[in-house]
Amino acid sequence: MAMTIQTGSSSLTVLWDSVAELTKTAQSKTSDPLGWAVQLLSSLTSAGVALPSADLARLLVSHICWANNVPITWKFLEKALSCKLVPPILVLALLSVRVLPCRRTQPAAYRLYLELLKRHAFSFPSQTNCPNYLKIMKSVDDVLHLSQMFGLQVGEPGVLVVEFVFCILWQLLDAALDDEGLLDLTPEKKSRWFNRSEDMEIDSGDSYNEKLTERHERLQKANSLMAVELIGEFLKNKMTSRLLYLARRNMPLQWGGFIQHLRLLVANSTALRSSKLISPETLLQLSSDSNLLSQEGKTSLQIAVMASGSHSSSVDQCHVAGHSSMWLPLDLFLEDANVESEIAATGAIEILSGVIRSLQAVNGTTWHDAFLGLWFSGIRHVQRERDPIEGPVPSLETRLCMLFSITTLAVADIIEEEEVALMDEREQASDQWNEKKVIGNRRKALISSLQLMGDHEGMLTPPTSVTSVANQAAAKAMMFVSGLNVGSGYFDSISMKDLPMNCSGNLRNLIVEACIARNLLDTSAYFWPGYVNGRINQMPHSVPGQVPGWSSLMKGAPLTPAMVNALVSTPASSLAELEKIFEFALNGSDEEKISAATILCGASFLRGWNIQEYTVRFLTDLLSPPMPSGFSGGDSHLMGWAPVLHSILVGIAPVDAVQVLSLHGVVPHLAGALMAICEVFGSCVPNVSWALPTGEEINAHSVFSNAFTLLLRLWKFEHPPLENVTGDVPPVWSQLTPEYLLLVRNSHVASVNNQKDQSRRRRLSKVATQSPTEPIFVDSFPKLKLWYRQHQACIVSTLPGLVNGTSVTQIVDGLLFMLFRKVNKVGSQPLTSGSSSSSGPGSEDASMRPKLPAWDILEAVPFVVDAALTACSHGRLSPRELATGLKDLADFLPASLATIVSYFSAEVTRGVWKPVFMNGTDWPSPAAYLSTAEEQIKRILAATGVDVPSLVSGVSSPATLPLPLAAFVSLTITYKLDKASERFLNLAGPAMESLAAGCPWPCMPIVASLWAQKVKRWGDFLIFSASRTVFHHNSDAVVQLLKSCFTATLGLSGAPLTNNGGVGALLGHGVVAHFLGGFSPVAPGILYLRVYRCIKDMLFMTEKILSLLMFSVREITTNEHRERMEKLRKTKYRMRYGQVSLGEALKKVKVAASLGAAFVWLSGGSFLVQSLIQETLPTWFLSTHGMQQEVGGGGMGAMLGGYALAYFAVMCGTFAWGVDSVLSASRRRPQVIATHFEFMASALDGKISLGCDCATWRAYVSGFLSLMVVCTPAWLLEVNADLLKRLSIGLRQWNEEELALALLGRGGVKTMGAAAELIIRSG
């Protein structure tokens, strides 16, 4: 009996020799196994051997295999197991490595092994309580090489148990496959657990190739059947299936290989098909993810999560007023992303895809429902602009961009994420490259959602401006279905009227085309039932010859003026067409370059939704053109691109164009390019001009002014400095500084090689390859940095005095003389800087303008404006002369308008200037419109539930403005409303609104009235803008507005506008034109999205949102209690209404929580969410809340309050950080979650005394953790194992065993051992 026993002394060696001799003697005498066991127990006990003994297990198995493979020795082994002399888990491990390789030659031994496995493999609780449990598990690891095979070097007993169960199951599976000759069909063609060549090592008396006896054949078949049934038992048994679930979660690569083998068995095994205990389908179901996930058990909130995400149909979810609220955060995000001139450093694609993932997870819906909810949120977003008020900020183009481009690209990211993962899994499984495309479930869900969308034609009516485009999309599909395949340029040649039948398209046609263009669908979509209405039998007869258009360009036609006009007005239909234009822009003649730039800024930019991401990329690249090879000029190579740069800067200057760039996430790269352009052209003397094809002449000042003005619009410089903002959380706009934009840009450059970025770049053209590779900083642009520091200094303190004789002083005096030369001619004292005795260049021609670099002029502008404003305050300059002089300065160098804005903003903030009377004599008067404006503002606020009694004093008083603001308004009014002025008014307009909003009431209504008198058609827009400034001065008004948002959404208010609740009540129809001679009511959500940026103390608002959430819960509970009492009076409701009432209340609570979470996230971003979870929520739980829980329904209110806070916290986190680690902001998540988990664990440990209701706390903890387990399991992987174990202990004290297990099970390898031990203890 050759074997090795691990002994520590010679006495133990003697002991084991005696045990071996005792066993041999008993075997020869065929002694009673019980008597043998009693003798053996006596010997071991007297020798002080700990039982069960691992050494005894090795001895007995070695004795049997194979010299003593007789029935009596197996009986001895069984008796040793039943008497707990040997550890069953080690015996099974030892037998598996001995028996499985020899199961064909030793079928009886294999049968006995299977019987022992069936008897002892499911009795772990009794095995884990022995004192030498750790030593035994290490012995199991040594025998099966578990740590090596699975790659987990943890060594915890619980982890080894999981690996043991997984190993034994996989051994059985491979044995079953091998017995039926199926192992050769696996990619490895062998088992990783045993070597089949060992079959010949044991001499069984007959050659292996000889025919086995009939008894052996029957036994082998029976063994195969029993092995298959044991596999099913492992997957079915509650304990082992839970252990296998841990293996599935923490060993995904090995689990994938196991499942591949199992599917092979299911598809081909005759033994499985002959079983009466388990079928192939059942075995496959038992091994499915859904079955294993169900082994976690139902956590305390899983039922609620599932209930809130399952309705009668997908259609209900998206269109019934209450159920559309599931996707309310989507509607809010879409609306917020298109709020007038707001610009973001992060693209909307990444954020939107994160919101979709979050809602899909938290709502517990299918991807079909999530996509359907997304599409209809986008459609509602477009429909809110059907009847907009007229103003300087159009938004339809950005809304269409959001629906057809951004939303489609977000869906593409979600689908690609799944299919790339599936491709990786397939490659790892087969170890071979397979070019066949993988079609994931998300792509199928997209198709089904778009098919179902057609059932709601009433929502799909396109805006008037895109009706013709929608009709073309429908006609294209109809022609394809009819077999008339036409080229992309066909519609360049004909009118829709030429078609033989009516082709009426809708928004779904355009969405489908956008998906086809991005390879999310193919043209089989045209054959969906009801997609086209009829067929076309023949082509129109009157098709003209070739006309200028994209098709003729692709055939080689030159860029003639007619061709350029055609391409500017018609979007490109393919990437190839855009690439052709981009080639002209890079390598064409000077005139072709300008024409190509103009084309790229045309319809392909704003209306080319199917290729918009490429157009945006090309335009951004062209603003950083490559340096020609061999370039050695003294000036920057950008000088040679001046006409092209000017064309692009003018083309992308409109408000909606900048928003499109922002939505596509190129603002950081655009800012970097603009800084370089400003640095170069701002340093040039404008003594060289360039002629454009239009006949216009430009110089360095022109290029600089356009670039500089656009750059400032990107970083929201008109907002007050952070020093003027209260609270610890910075507003979202404060991030848009030059440094921050460059930081984001450099981060993008540094991540070009990561997998996510590469997957996106695969969709971009090969032509656009000159992507930046080096980081840039503000220090890279010394002139810009100097101006930026001057701008900051101007805000912080008053201007320093000028030193006589310096270049700045000379420039200031020269500019003052140029601007106010008429005043200087008639006045007794010339207007100068005050630091020079010079009377100005009187002998020179006053019409001569100084030829100076733009940066030098901008450095002098604050002193020029200060001198002019001082002169006006002392009566030396009339208001009209001041406005005229400042307008001349802005005409001379349009970029100077930015510095004028900077100076005026700083001076108004300081409050040192006396107010001036807007009396119509010295300054323009708003009297004709002011009283109407104030009354309209009050009506707008009243319609949203906001009452500010002091808004209209009722006492007639002269209208006054601070002098700097009055001067600024007068300056802006002098501008004409034309294309040339629009670029600069787009900068001045938001700055003027921000400036007026910060002044005492009613400065903003006065400014709005003055502009409304100038542009009457903008009256409604200006009044609505003025109404928002009420919230700058009255924090109570913001709270009232927030309360209106909650009551409207939940249907808690009695107003006719909001009594149905849902998205419609919250957002209404947008800001629409007036009707019946009055202003249309504005929904409260629309107003909040346009005012929250003015809130300085966001922490205060977060506390108010939390309070309003709990107020809403109390209202919901009270209403549900009242309804329940009424219905319980009716006999037929008594048995079931309580459960229904709780479910309905929980759905409303979830809507309230999602609304609050969306507001917190949109208002303050990830910083505010971090503050909420780390500070606000713990403070709330520590505080006492009085009578808040004493509501109808008893403890139901307390429980719902806890669940509401759980949903609120988790949704805030998912919006800010995502459900996984895709978003860049997720890097902050581990620390925040760890802090909150420490708070919860300390409270559960009894280290912290809470002030809130115990039921609320318990509901919150169980709800929060349940949502993390079900919806955000990736978060738990980032949490310290000790914290998870502490929380698990606390949950078990609450009898939340299933949640405690689920928490540990989702914690990764670090908690797998603890989870396994809990599973074993639970039995």
Report task. Check for a donor-acceptor pair, side chain of T709 on one end and backbone N or O of F984 on the other, with a separation under 3.5 Å. Result -> no
Query raised in the report: What residues form a ring-ring contact (aromatic ring centres under 6.0 Å, His included) with Y788, not counting sequence neighbours?
Result: W715
Query - Polar contact flag, side-chain donor to acceptor under 3.5 angstrom, S573-E577 - result: yes
Requested in this report: Could you label the plane-to-plane angle of the H701 and F892 rings as parallel, tilted or perpendicular, counting under 30° as parallel and over 60° as perpendicular?
Outcome: perpendicular
Query - Residue pair L897, L971: steps toward the side-chain contact (heavy atoms from CB on, under 4.5 Å) verdict - result: CA-CA 10 Å; L897 182 62; L971 169 61; 3.9 Å; yes
Requested in this report: Report yes if the side chains of I599 and W550 come closer than 4.5 Å at any heavy-atom pair, otherwise no.
Outcome: yes
Query raised in the report: Hey, are D656 and R399 close enough for a salt bridge, meaning a charged N less than 4.0 Å from a carboxylate O?
Result: no
Requested in this report: Would you sort out whether K580 and E592 count as a salt bridge (charged side-chain N to carboxylate O under 4.0 Å, His left out), showing the intermediate values?
Outcome: CA-CA 12 Å; K580 183 81 171 178; E592 286 176 335; over 6 Å; no
Report task. Answer yes or no: is there a donor N or O on one side and an acceptor on the other, between the side chain of Y740 and the main chain of A345, under 3.5 Å? Result -> no
Query raised in the report: Any Lys/Arg nitrogen of E579 or R617 sitting under 4.0 Å from an Asp/Glu carboxylate oxygen of the other?
Result: no
Requested in this report: Using atom types as modelled and distance alone, determine if a side-chain donor or acceptor of N746 lies under 3.5 Å from a backbone N or O of I776.
Outcome: yes
Requested in this report: Without swapping roles, check the side chain of S662 against the backbone of V658 for a donor-acceptor pair under 3.5 Å.
Outcome: no
Query raised in the report: In Å, rounded to the nearest 0.5 Å, how long is the span from CD of E583 to CZ of F618?
Result: 9.0 Å
Requested in this report: Check the side chains of H669 and T620 for a donor-acceptor pair under 3.5 angstrom, ignoring hydrogens and angles.
Outcome: no
Query - Exam field: side chain Q612 to backbone F605, donor-acceptor pair closer than 3.5 Å - result: yes
Report task. Would you please test D621 and L586 for side-chain contact (heavy atoms from CB on, under 4.5 Å) and show each step? Result -> CA-CA 10 Å; D621 284 350; L586 284 179; over 6 Å; no
Query raised in the report: Do W1018 and E390 come within less than 4.5 Å of each other through their side chains, counting heavy atoms only?
Result: yes
Query raised in the report: Heavy-atom count around E591 CD within 6.0 Å, excluding the residue itself: above 12?
Result: no
Query raised in the report: So, S747 side chain and L743 main chain: donor-acceptor pair closer than 3.5 Å or not?
Result: no
Report task. Return the set of residues passing side chain to side chain contact (heavy atoms under 4.5 Å, CB included) with P463 (not counting sequence neighbours), or none when no residue passes. Result -> V382, R386, L396, S465, V466, L507
Query raised in the report: side-chain contact (heavy atoms from CB on, under 4.5 Å) between L893 and L889: does it pass, once the steps are laid out?
Result: CA-CA 6 Å; L893 180 66; L889 176 59; 5.7 Å; no
**Report entry** Test item: L638 and V703 side chains (from C-beta on) under 4.5 Å apart, heavy atoms
**Finding:** no
Requested in this report: Taking the side chain as every heavy atom from C-beta outward, state whether P392 and F1021 have any pair of such atoms under 4.5 Å apart.
Outcome: yes
Report task. Would you mind reporting whether L623 and L649 have side-chain heavy atoms less than 4.5 Å apart? Result -> yes
**Report entry** Polar side-chain atom of S981 near backbone of D978 as donor-acceptor pair, under 3.5 Å
**Finding:** no
Report task. Hey, could you give me the CG/CG distance between L559 and L553, rounded to the nearest 0.5 Å? Result -> 6.0 Å
Query - T398 (side chain) donor-acceptor with N338 (main chain) under 3.5 angstrom - result: no
Query raised in the report: What residues form a salt bridge (Lys or Arg N to Asp or Glu O under 4.0 Å) with D779, not counting sequence neighbours?
Result: K785
Query raised in the report: What pairs meet the side chain to side chain donor-acceptor pair (under 3.5 Å) rule with one or both residues in residues 675-689, with sequence neighbours excluded?
Result: none
Query raised in the report: Listed by chain and number, what are the ring-ring contact (aromatic ring centres under 6.0 Å, His included) partners of W1011, not counting sequence neighbours?
Result: none
Query raised in the report: By ring-ring contact (aromatic ring centres under 6.0 Å, His included), which residues pair with F708, not counting sequence neighbours?
Result: F704, W787, W855
Query - Check: S902 side chain, A898 main-chain N or O, donor-acceptor pair, under 3.5 Å - result: no
Query raised in the report: Taking H637 for the side chain and P625 for the main chain, is one N or O donor matched with an acceptor at less than 3.5 Å?
Result: yes
Report task. Hey, could you give me the OG/CG distance between S896 and L886, rounded to the nearest 0.5 Å? Result -> 9.0 Å
Report summary line: Taken to the nearest 0.5 Å, the spacing of F968 CZ from I973 CD1 works out to 11.0 Å
Report task. Starting at CG of L622, measure out to CG of L600 and round the result to the nearest 0.5 Å. Result -> 6.5 Å
Requested in this report: Check step by step if side-chain contact (heavy atoms from CB on, under 4.5 Å) holds for C401 and H664.
Outcome: CA-CA 9 Å; C401 163; H664 280 278; 4.0 Å; yes
Query - Gap separating the CG atom of L403 from the NE2 atom of H381, nearest 0.5 angstrom - result: 8.5 Å
